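Take a look at the structure set out below.
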Amino acid sequence: MEYISVQGLQKPISRLMKGSDYFFHDSYDKAAANLDSFMAIGGNSIDTANIYCGGQSEEVIGRYMQERGNRDQLVILTKGAHHDQNGPRVSEQHIRDDITKSFERLQTDFIDLYALHRDDPNVPAGEVIEALNEYVKAGTVGAIGVSNWTWQRIQEANEYAAAHQLAGFSFSSPNLSLAKPNEPFWTGCVSADVETCAWHEKEQLPLFSWSSQARGFFTGRFTPDIRDNADLVRVFYNDDNWERLERAKRLAATKQVTAIQIALAYVLNQPYPTCALIGAQSAEELRSCDEGSLIHLTKDELDWLDLTKDKL
């Protein structure tokens, strides 16, 4: 397992981050077994959120850490301030409400990585920085970041933080994958486009990619004629992505790996620090991710996969 560091946190962070949006109380044994297997390959970072599984995801992780006595071995990334049926919830009060619940559910007094799950461009970025710095100063949060914020908003927030001697955002979690989306997965979601990636390279700001393997697009289960997954059709079905899939298959054959492993390696071989959120729920899926995380891709190979280079 490879690791990266994030400003504000002393622990190394495994480049594979375990997704937990299926952790329910009635399947606790499955979740615990998945986490045990993940730790056995060197994984230590877990991605969760206030809204996942109606709060059960955080509660399951809290129970797991209490039963195993391994809180110090793990890096917990949780998120708050997701919108609800009434609209955006990016405010000091909503942040306080959500993070208080997260502490309780996780049964911990320290959150390693805390991120805002969505943005509200109507709220000045400085207000958000001020609110989150209360927890950084108190020593209850290690590093702060965002999910689904544009790079312009992150830059605005970090410029405010620098001008006021405050902790800025030290990571971002948009979608990044070899398959490029036609439109957002959900309203308010952000995918890393060419401009975003260039900004991350310039700033060297760590990026934690959700849907890093394009929700199974590279597994081989999908073709232009198989259209039974409406979301996948809506988001990923386009000619360029079918070409990217074919190139991933060809490169995989030369490296004796699989196309889905190439797709994962694409995320982890960017010219800036990256982690990939993975949803592996079986030993086979976890093994595939572990092996894929160690594949090295050259710049020429990345450019070819990205369709910016015609030949290898």
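Keep in mind the model is a prediction, meaning the values are calculated, not measured. Residues take their numbers from the sequence shown, with the count starting at 1.
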Original post:
Would one find more than 12 heavy atoms of other residues, nucleotides or ligands at under 6.0 Å from atom CD of Glu67?
Top reply: yes
Subject >> Thr48 versus Glu58, side-chain donor and acceptor atoms under 3.5 Å >> reply: no
Subject >> Expected output: side-chain Arg234 to main-chain Pro184 donor-acceptor under 3.5 Å >> reply: yes
**OP:** Using the ring pair (Phe, Tyr, Trp, His ring centres under 6.0 Å) rule, collect all pairs that involve residues 286-306, keeping only residues at least two apart or in two chains.
**Re:** none
Subject >> Distance-minimising heavy-atom pair for Gln213 and Cys289 >> reply: OE1-SG, 3.9 Å
Subject >> Nearest-0.5 Å distance, CD1 of residue Ile262 to CG of residue Leu302 >> reply: 10.0 Å
Original post:
Which heavy-atom pair separates Gly292 from Ala265 by the least distance, and what is that distance?
Top reply: O-CB, 3.7 Å
Original post:
Is there a donor-acceptor pair closer than 3.5 Å between any side-chain N or O of Asn34 and the backbone N or O of Gly279?
Top reply: no
Original post:
Is it true that a side-chain atom of Asn133 and a backbone atom of Ala167 form a donor plus acceptor pair closer than 3.5 Å?
Top reply: yes
**OP:** For the pair Arg15 (side chain) and Thr274 (backbone), establish whether a donor and an acceptor sit closer than 3.5 Å, ignoring hydrogens and angles.
**Re:** yes
Subject >> Spacing of OG1 belonging to Thr258 relative to CD1 belonging to Ile260, to within rounding of 0.5 Å >> reply: 7.0 Å
Original post:
Is there a donor-acceptor pair closer than 3.5 Å between any side-chain N or O of Lys249 and the backbone N or O of Phe218?
Top reply: no
Original post:
If you take all heavy atoms of Arg221 and Gly216, which pair is closest and at what distance?
Top reply: NH2-CA, 4.4 Å
Original post:
When you look at CG of Asp239, are more than 12 heavy atoms from neighbouring residues, nucleotides or ligands closer to it than 6.0 Å?
Top reply: no
Subject >> Asn158 side chain vs Gly168 backbone, donor-acceptor pair below 3.5 Å >> reply: no
Original post:
Ile95 and Ala81: which non-hydrogen atoms are nearest, and at how many Å?
Top reply: CG1-CB, 4.3 Å
Original post:
Do other residues, nucleotides or ligands put more than 12 heavy atoms under 6.0 Å from Gln7 CD?
Top reply: no
Original post:
To the nearest 0.5 Å, how far apart are CH2 in Trp149 and CD1 in Ile154?
Top reply: 8.0 Å
Original post:
Using a distance-only test with no angle check, is there a side-chain donor-acceptor pair under 3.5 angstrom linking Thr196 and Asp193?
Top reply: yes
Original post:
Going from CG on Leu35 to CG on Asn44, what distance comes out if it is rounded to the nearest 0.5 angstrom?
Top reply: 11.5 Å
Subject >> Least distance between heavy atoms, Asp300 atom then Leu312 atom >> reply: O-CD2, 3.7 Å
**OP:** For Tyr272, enumerate each residue passing the ring pair (Phe, Tyr, Trp, His ring centres under 6.0 Å) test, keeping only those at least two apart in sequence or located in another chain.
**Re:** His200
**OP:** Scan residues 32-88 for pairs that pass ring pair (Phe, Tyr, Trp, His ring centres under 6.0 Å), counting only residues two or more places apart or in two chains.
**Re:** Tyr52-His117, His82-His117
Original post:
Same hydrophobic cluster for Trp242 and Phe236, using side-chain heavy-atom links shorter than 4.5 Å among ILVMFWY?
Top reply: yes
**OP:** Determine yes or no for a side-chain-to-main-chain donor-acceptor pair under 3.5 angstrom, with Asn148 supplying the side chain and Val190 the backbone.
**Re:** yes
Original post:
Does CD in Glu284 sit with more than 12 non-hydrogen atoms of other residues, nucleotides or ligands closer than 6.0 Å?
Top reply: no
Original post:
Hey, any chance Val267 and Ile13 share a hydrophobic cluster, counting ILVMFWY side chains that come within less than 4.5 Å of each other, even indirectly?
Top reply: yes
Subject >> Identified salt bridge (Lys or Arg N to Asp or Glu O under 4.0 Å) counterpart of Arg89 within the set Asp119, Asp120, Asp98 >> reply: Asp98
Subject >> Closest contact, heavy atoms only, Asp112 versus Ile76 >> reply: OD2-N, 2.8 Å
**OP:** Kindly say whether Thr298 contributes a backbone atom to a donor-acceptor pair with the side chain of Glu301 at under 3.5 angstrom?
**Re:** yes
Subject >> Result of checking Gln93, His94, Lys101 against Asp97 for side-chain hydrogen bond (donor to acceptor under 3.5 Å, both in side chains) >> reply: Gln93
**OP:** Taking Thr140 for its side chain and Tyr135 for its backbone only, find out whether a donor-acceptor pair lies under 3.5 Å.
**Re:** yes
Original post:
Under the 6.0 Å and 45° cation-pi test, does Arg63 pair with Tyr28?
Top reply: yes
Original post:
For Glu130, which residues count as a side-chain contact (heavy atoms from CB on, under 4.5 Å) partner, sequence neighbours excluded?
Top reply: Tyr160, Leu166
**OP:** Drop me the distance from Thr108's OG1 to Arg71's CZ, to the nearest 0.5 angstrom.
**Re:** 4.0 Å
Tabulate below the donor-acceptor pairs under 3.5 Å that side-chain atoms of residues 171-181 make, not counting sequence neighbours, or state none.
{"residue": "Ser173", "atom": "OG", "partner": "Phe208", "partner atom": "O", "Å": "2.7"}
{"residue": "Asn175", "atom": "OD1", "partner": "Ser191", "partner atom": "OG", "Å": "2.8"}
{"residue": "Asn175", "atom": "ND2", "partner": "Trp210", "partner atom": "O", "Å": "2.9"}
{"residue": "Asn175", "atom": "ND2", "partner": "Ser211", "partner atom": "O", "Å": "3.3"}
{"residue": "Ser177", "atom": "OG", "partner": "Ala179", "partner atom": "O", "Å": "2.6"}
{"residue": "Lys180", "atom": "NZ", "partner": "Ser177", "partner atom": "O", "Å": "2.7"}
{"residue": "Lys180", "atom": "NZ", "partner": "Tyr266", "partner atom": "OH", "Å": "2.9"}

Original post:
Hey, any chance Val60 and Phe24 share a hydrophobic cluster, counting ILVMFWY side chains that come within less than 4.5 Å of each other, even indirectly?
Top reply: no
Subject >> Other residues, nucleotides, ligands: >12 heavy atoms within 6.0 Å of Asp109 CG >> reply: no
**OP:** Would you please test Lys11 and Asp72 for salt bridge (Lys or Arg N to Asp or Glu O under 4.0 Å) and show each step?
**Re:** CA-CA 9 Å; Lys11 296 179 186 176; Asp72 291 343; 5.4 Å; no
Original post:
Do any N or O atoms from the side chain of Ser20 and from the backbone of Ser57 form a donor-acceptor pair under 3.5 angstrom?
Top reply: no
Original post:
What distance do Met65 atom CE and Ile46 atom CD1 have between them, rounded to the nearest 0.5 Å?
Top reply: 7.0 Å
Original post:
Can you list the residues that meet the side-chain contact (heavy atoms from CB on, under 4.5 Å) rule with Ser293, with sequence neighbours excluded?
Top reply: Leu16, Leu268, Asp290
Original post:
Glu246 and Arg250: salt bridge (Lys or Arg N to Asp or Glu O under 4.0 Å), yes or no, with the steps?
Top reply: CA-CA 6 Å; Glu246 288 307 309; Arg250 288 163 59 187; over 6 Å; no
Original post:
Which class fits the ring pair Tyr237 and Phe217: parallel under 30°, tilted 30 to 60°, perpendicular over 60°?
Top reply: perpendicular
